[in-house]
Amino acid sequence: VDKEERRDTIKTTVGEMLQANRYIVSIDSIKKYIKEAKAIDANDKEVKDVIKNELGMSFRKLRKISLHGNSSKNLILR
């Protein structure tokens, strides 16, 4: 499978994931789905490049909050 076919496969697979309302949590989850559905072993750089440049998507790093973040005292003081 040449490079362009792999990129098209990644793009269509991400589109399928979005249509099926599957959570895209990380690049690893996308790679796992591609390997299961299409039997193609894509690398991280390829998937990240397709998502960022061709689909205009990106990941945002989430911050951890403390367990008392939603306590009544903290909610009042916010």
Visitor: Tell me whether Gln19 at atom CD has more than 12 heavy atoms from other residues, nucleotides or ligands lying less than 6.0 Å away.
Guide: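 Not more than 12 within 6.0 Å, no.
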Visitor: More than 12 foreign heavy atoms under 6.0 Å from NZ of Lys38: is that the case here?
Guide: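 Counting neighbours around NZ of Lys38, more than 12 heavy atoms of other residues, nucleotides or ligands fall under 6.0 Å, so yes.
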Visitor: Check for a donor-acceptor pair, side chain of Arg6 on one end and backbone N or O of Asp41 on the other, with a separation under 3.5 Å.
Guide: yes
Visitor: For Glu5 and Asp2, which heavy atoms make the closest approach, and how far apart are they?
Guide: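 Closest approach of Glu5 to Asp2, heavy atoms only: CG-OD1, 2.9 Å.
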Visitor: To the closest 0.5 Å, what do you measure between CZ (Arg22) and CD (Glu16)?
Guide: 10.5 Å
Visitor: Measure the CD1-CD1 distance between Ile27 and Ile51 for me, rounded to the nearest 0.5 Å.
Guide: 5.5 Å
Visitor: Let me confirm one number: the CD1-CD1 distance from Ile10 to Ile30, rounded to the nearest 0.5 Å.
Guide: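 It comes to 9.0 Å.
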Visitor: Any side-chain heavy atom of Met57 sitting closer than 4.5 Å to one from Leu18?
Guide: yes
Visitor: Give the minimum heavy-atom separation between Val47 and Ala42, together with the two atoms involved.
Guide: CG2-CB, 3.9 Å
Visitor: Please find the pair of heavy atoms, one from Val50 and one from Arg7, that lie closest to each other, and give the distance.
Guide: CG2-CZ, 4.0 Å
Visitor: Minimum heavy-atom separation for Ile40 and Thr9, please, with both atom names.
Guide: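 For Ile40 versus Thr9, the nearest heavy atoms are CD1-CG2, 3.6 Å.
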Visitor: So which atom in Met17 and which in Tyr23 form the shortest heavy-atom distance, rounded to 0.1 Å?
Guide: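 Heavy atoms of Met17 and Tyr23 come nearest at CE-O, 4.2 Å.
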Visitor: Atom CG in Asp44, atom NZ in Lys31: separation rounded to 0.5 Å?
Guide: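 Reported to 0.5 Å precision, the distance equals 4.0 Å.
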